[in-house]
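We use all heavy atoms of the structure for the numbers below, so side chains are in, but hydrogens, waters and symmetry mates are not.
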Amino acid sequence: MNEWIQDWLQEFLKNNNIENLYTPLMLVIIALVAVMAFWFCVRVVSVIVKLFTSRTATEWDDDLLNTKVLRAISQLAPALFVSYMLPDAFDHNTEVEKWLTKITDFYILWALIHLVNTFLQALFDALDKRGQYRIHTMKGVLQILKLFFIIIGVIIGISILIGRSPIAILTALGASAAVLMLVFQDTILGLVAGIQLTVNDMLKKDDWIVVPKANANGVVEEVTLTTVKVRNWDNSVTTVPPYTLIKESFQNYAPMQECQARRVSRYINIDVNSIRFLTETELNSLLELNLITKEDLNGQAPTVNLSLLSRHLERYLAQHKDVRVDEIYMVRQLQPTPQGIPLELYFFTGTIEWKSFEHLQSDIFDYIYACINRFGLAIYQAPSGNDFKQTSPHSVLQ
């Protein structure tokens with residue numbers, strides 16, 4: 001085909017005595033062939049491929065050979081045709097052929113890098129769509145691969161333009177490694193941190209994390225090479241460098257969501273002055289209200305009201321439909337403080353959704369606040385202004 005075009009063009013120019021227009025007309029013909037090759041790939045080959053992939057049972061070919069990938073492949077066709085036609089088209093004009101060859105090789109290199117990065121993006125989208133193949137911090141890995149191929153492309157592109165070996169360019173870059181490390185400091189730190197986050201399974205998309213020092217508390221939306229994007233519960237977005245998560249501590253609630261159990265560890269301060277032995281009448285009243293059982297008394301007298309309350313609350317937790325009895329649950333006393341004796345409730349709920357969890361937690365402690373008086377106990381509360389007012393000399397005289 002190439003020889004036929006040259007023979008026809010030379011014969012045409014010779015018959016019309018315009019042989020000096022050979023080079024520009026040859027350039028126009030080559031450009032037209034390149035455009036036709038691109039048009040043929042986009043309008044014919046891509047349509048056939050899409051038709052074939054749409055009729056297969058698997059969806060992988062649809063995802064990996066999507067419109068963007070096929071268009072990137074089509075962009076290679078013009079350059080390949082030009083590269084094929086150039087060597088024989090300008091035998092008598094080596095300078096033109098030299099520069100056109102450089103430009104064509106540079107375009108082929110760009111098209112290849114673009115194709116590789118487009119295919120990597122399609123692969124990332126396909127894996128991200130399928131939960132079972134989702135890789136932790138996969139977007140960071142994708143960006144690393146894209147950056148790697150772009151750097152390789154830049155080095156080879158410079159070698160094409162200046163006519164030097166890529167090894168010589170790498171040697172020159174090695175001499176300026178310190179400057180490059182300074183320029184790409186965040187990228188290098190992000191790369192190392194991303195690898196650590198991935199290997200140690202510390203973080204992935206859709207995890208609920210809390211980073212106190214960055215004021216981040218929400219769901220991870222994106223994990224990239226240099227940032228972790230967190231959408232907070234107030235719908236604001238906080239970006240945290242990955243190496244910050246490695247350097248500082250952060251809390252990840254993903255394991256809680258996976259095991260469907262959320263911990264409650266709260267305490268109330270019991271007024272020490274209200275702890276006492278219960279009378280027989282008070283014990284019978286508690287028995288009638290089904291707040292205690294005869295097993296709670298253990299045939300011992302006298303009985304301390306705080307002990308009976310602890311047993312009652314443990315039984316209450318065991319019978320609650322939203323408390324996970326397969327996990328540890330208990331009611332225990334903590335070290336006494338000037339504010340009283342802390343009575344802690346430690347248990348896990350089967351409700352992990354934030355709003356429902358807070359409602360459940362409130363309902364349980366509302367019940368505790370309501371039944372404490374039944375046991376003759378009082379919750380410690382710091383004196384308020386009204387308390388001081390009621391005990392003032394003026395109020396006593398009144």
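Within a 6.0 Å radius of CZ in F148, other residues, nucleotides and ligands contribute 12 heavy atoms or fewer. Within a 6.0 Å sphere centred on CZ of F52, other residues, nucleotides and ligands contribute 12 heavy atoms or fewer. The number of heavy atoms from other shown groups lying within 6.0 Å of OH (Y316) is above 12. Counting non-hydrogen atoms of other residues, nucleotides and ligands closer than 6.0 Å to CE of M330 gives a total above 12. Shown here is W110, whose CH2 atom has more than 12 heavy atoms of other residues, nucleotides or ligands within 6.0 Å.
Nearest heavy atom pair, residue Y267 against residue P342, reads CD1-CB, 3.6 Å. When all heavy atoms of L287 and L297 are compared, the closest pair comes out as CD1-CD1, 4.3 Å. Considering all non-hydrogen atoms of both residues, V69 and A122 come closest at CG2-CB, 3.9 Å.
The backbone N or O of R332 sits nowhere less than 3.5 Å from a side-chain atom of E344 that would complete a donor-acceptor pair. A donor-acceptor pair is defined here as one N or O able to donate and one able to accept, closer than 3.5 Å; no such pair exists between the side chain of T227 and the backbone of K229. Under the 3.5 Å distance criterion, the side-chain polar atoms of S265 are left unmatched by any main-chain donor or acceptor of Y346. In terms of modelled atom types and a separation under 3.5 Å, the side chain of Y107 and the main chain of Q75 share a donor-acceptor contact. Checking side-chain atoms of D207 against main-chain N and O of I209 turns up no donor-acceptor pair under 3.5 Å. Between the side chain of S285 and the backbone N or O of T281, no donor-acceptor pair lies under 3.5 Å.
Two residues are said to be in side-chain contact when any heavy atoms from C-beta on lie closer than 4.5 Å; I368 and L345 meet this criterion. Looking at R315 and T293, their side chains come closer than 4.5 Å, going by heavy atoms from C-beta outward. Put simply, the side chain of V49 does not reach to within 4.5 Å of the side chain of I73, judged on heavy atoms. N117 places a side-chain heavy atom less than 4.5 Å from the side chain of L120. Using a 4.5 Å cut-off on side-chain heavy atoms (C-beta onward), L51 and R55 make contact. By the 4.5 Å heavy-atom criterion applied to side chains, L283 and L308 are counted as neighbours. The shortest side-chain heavy-atom distance between V45 and S74 does not fall under the 4.5 Å cut-off. In this structure, the side chains of S274 and I379 stay at 4.5 Å or more apart for every pair of heavy atoms.
Taking the six-membered ring for Trp and the full ring otherwise, H312 and F375 have centroids separated by under 6.0 Å.
Note that the CG atom of L70 and the OG1 atom of T118 stand 11.0 Å from one another [nearest 0.5 Å]. N66 contributes atom CG, which lies 10.0 Å from atom CZ of F119 (distance to the nearest 0.5 angstrom). Once rounded to the nearest 0.5 Å, the distance linking CG of N305 with CD1 of I275 reads 7.0 Å. To the nearest 0.5 Å, atom OG1 of residue T349 and atom CG of residue L360 are 5.5 Å apart. Here the NZ-NE2 distance, from K68 to H114, works out to 9.0 Å after rounding to the nearest 0.5 Å. Here OH of Y253 is found 12.5 Å from CD1 of I352. Values are rounded to the nearest 0.5 Å.
Using cut-offs of 30° and 60° on the angle between ring planes, the pair W208 and W233 is perpendicular.
Using a 4.0 Å cut-off between charged nitrogen and carboxylate oxygen, R231 and E221 count as a salt-bridge pair.
A donor-acceptor contact closer than 3.5 angstrom links the side chains of D125 and Q121. Judged purely by distance below 3.5 Å, without hydrogens or angles, the side chains of S236 and N232 pair a donor atom with an acceptor atom.
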>> Using the rule given for side-chain contact (heavy atoms from CB on, under 4.5 Å), can you reason through T244 versus K213, listing the C-alpha separation, both sets of side-chain angles and the distance that settles it, and then say yes or no?
In response: CA-CA 9 Å; T244 300; K213 291 194 174 181; over 6 Å; no

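Both V272 and V304 belong to a single network of hydrophobic side chains, linked directly or stepwise wherever heavy atoms of I, L, V, M, F, W or Y lie under 4.5 Å apart.
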